[in-house]
Protein chains: 2
Amino acid sequence: MASRTWQTVRFDWNQARAFLVTAEEGSLSAAARALGLTQPTLGRQVAALEEALGVTLFERLGRSLSLTEPGLELVDHVKAMGEAAGRMSLAASGQSQAIEGQVCITASDLLSVYHLPPVLERLRCIAPEIEVEVVASNEIRDLKRREADIAIRHVRPEQPDLIAKHVRDTTAHLYAAPAYLERHGRPSTVEDLVDSVFVAAGQPDRYLADVRSSGLPLTKANLKYMSDSGVMAWEMVKQGLGMAIMFRDVAELTPEVENVVPDFGTVPVPLWLVTHRELRTSRRIRLVFDVLAEALARDGST
Amino acid sequence: MASRTWQTVRFDWNQARAFLVTAEEGSLSAAARALGLTQPTLGRQVAALEEALGVTLFERLGRSLSLTEPGLELVDHVKAMGEAAGRMSLAASGQSQAIEGQVCITASDLLSVYHLPPVLERLRCIAPEIEVEVVASNEIRDLKRREADIAIRHVRPEQPDLIAKHVRDTTAHLYAAPAYLERHGRPSTVEDLVDSVFVAAGQPDRYLADVRSSGLPLTKANLKYMSDSGVMAWEMVKQGLGMAIMFRDVAELTPEVENVVPDFGTVPVPLWLVTHRELRTSRRIRLVFDVLAEALARDGST
DNA sequence: CTCGTGATATACAAGAATGCATGGCAAGCC
DNA sequence: GGCTTGCCATGCATTCTTGTATATCACGAG
């Protein structure tokens, strides 16, 4: 094949990568952090690309850089490169038949803290070469962008690229610590809750909407404590600051709390295990997925 | 932005490039030649990519490598990367406002040899910083793959991505050297040509088809000499080996030949200047394009 | 069968890219 | 205004990559 054929791809692709991440992140320093490199390196790579292409990509105005007009023309193409690179990386992980290597699991912090440790130990017995990274976060990670390999969710994902397994269902009930109940009284019906103190996890407004759809007559006035961390919120409940709705299996692992208004039954909460379609073919991720599925399902039957 | 967002593009993109070119070229050595690198370098880059992805891309069986099944799955994605890279490179050349740098022109060898030298000298006077590379080849180069920046053609290109300027028309006539005419007689009508000796350029079959569509009653028996090089073919005519159809302006620069059967007029032959749409915005290429257009048009009027 | 060609793998030296440290600068905040 | 913070640019030591030369191997021709 004629060597001129490859004239167009002869430029340094890592410099293109530097350009892409810098443009998306908005600064060389941020791009360096994102790529695990240093700011001088990124600066030099971008400068070298500008030199090679004969195009000024960024306007240096003191603190921050902004794309020039020619840079704007090019950034779409390099984005396309990046998307192809992402698909390639994803497919590669799927093709990897190695049993050792990293697997990244994401779950809410509560799920992580209360359910994952025993599962991970079990996984370690089965496949000690697998390194597990747990992203315990309540923000939903994008599996398509490979922000995690496996996600544990309470909702069924809609995207067709994702495959999901319905592991089991749990239920949510009302719980409080004895210290709280002695101070505020022991409610026996839902109507008794109008003056109660609740601990909310996540966004207050969203929490309120969820709670009311399950039949509790709460208002913003009831939410005295809140945290984006579910573990933190639950800790506040344990220490008697307020009541909360909690999954039954988590509450049963928490001797400090007791069930309140036992005849209040909320909607069942499903547990979904989600991964990307491409990753099904990976032995490593498939193994973790199956172990998680089996362990979490059994966990709920206890 | 979360750093995990870029997890998928953290791998070495130059290694992806090595993978792409190796897969397309079929060997590390060929890929090294294509990229202007060396075979050990390509070998190490591919090996490092296999290591990083945890996937064996090529099967080493002695002399040549072949893609493994996982490699086949990945090669499409890296091809997409390469195509995006090509588009980026093309767009970058278009955005480049630098007047210095390379411009690659392709034309048939005859056109190159007979018309280009004075034009290039004129170009050098106007813009001495431009480096011109002439690909004198009768194979049609793919402008979309950037195998050249500007092409001089005798046919109007069809692709919408290309822009073409009709520079001028010339005509083709019959020519031979006196030595030939003295040996074979001086034909006065088209019918006298049935036993004549012709020199063909390019593919014999295609040449014959073109020639017969212009009204000459030739058969394969008339084509005694042929060459893929138009210059070589014309040289044979000059030395009296046979007759040929030739563009008028080329023949007029060749005192060794004379016009035969002057009342035989073939169809006019157009001259098109072609470039890629993306390259219109490049000052450098635009300049070369305009100088070529002006010089070639004037050339024909003499 | 031997040899030639063209391929991949390896050893070592030269070169280039990287990281660290620093300096300078602009913007936001007491 | 002075201070802090976060950014980009540059000098220097180090690491890593690349290229050269060479060994080895497979296939095909004579």
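We name chains A, B, ... by the order of the sequence lines, and we start the count at 1 in each one. Hydrogens, waters and symmetry mates are skipped; everything else that's a heavy atom, side chains included, is used.
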_Rounding to an integer number of Å, can you tell me how far L49(A) CG sits from dA17(C) C1'?_
16 Å
*asked:* Any base atoms under 4.0 Å from S29(A), or only sugar-phosphate, or nothing? Heavy atoms, all strands.
replied: sugar-phosphate
*Do R87(A) and E278(A) sit within salt-bridge range, that is, some charged N less than 4.0 Å from a carboxylate O?*
no
_Under a 4.0 Å threshold between the charged nitrogen and the carboxylate oxygen, would R33(B) count as salt-bridged to E25(B)?_
no
_Atom-to-atom span, CD of E51(A) to P of dA17(C) - whole angstrom_ = 12 Å
*Base, sugar-phosphate alone, or nothing: which one does Q45(A) contact when heavy atoms must sit under 4.0 Å apart?*
sugar-phosphate
_For a quick test of reading the model: is some side-chain N or O of T41(B) closer than 4.0 Å to OP1 or OP2 of dT18(D)?_
no
*Carboxylate-amine/guanidinium contact R277(B) D161(B), below 4.0 Å*: no
*If only side-chain N and O atoms of R33(A) are considered, is one of them under 4.0 Å from the OP1 or OP2 phosphate oxygen of dC7(D)?*
yes
_Tell me the interatomic distance from N14(B), atom CG, to dT18(D), atom P, rounded to whole angstroms._
8 Å
*Nearest-angstrom distance from the residue atom CG of L65(B) to P of dT8(C)*: 5 Å
*When the distance from CD of Q39(B) to C1' of dT5(C) is rounded to whole Å, what number comes out?*
15 Å
_Short N-O contact, R60(B) and E50(B), less than 4.0 angstrom_ = yes
*Let me know the distance between CG of L42(B) and P of dT10(C), rounded to the nearest Å.*
16 Å
*Could you pick out which residue, R44(B) or S27(B), lies toward the 5' side of DNA chain C when each is mapped onto its nearest nucleotide?*
S27(B)
_Any carboxylate oxygen within less than 4.0 angstrom of a Lys/Arg side-chain nitrogen, looking at K220(A) and D205(A)?_
yes
*asked:* Could you tell me how far apart L37(A) (CG) and dA16(C) (P) are, to the nearest whole angstrom?
replied: 20 Å
*asked:* Looking only at the side chain of R60(A) (C-beta and beyond, no hydrogens), which of the listed nucleotides dT10(D), dA21(D), dC8(D) gets closest?
replied: dC8(D)
_Using whole Å, what does the distance between atom P of nucleotide dT18(D) and atom CG of D12(A) come to?_
9 Å
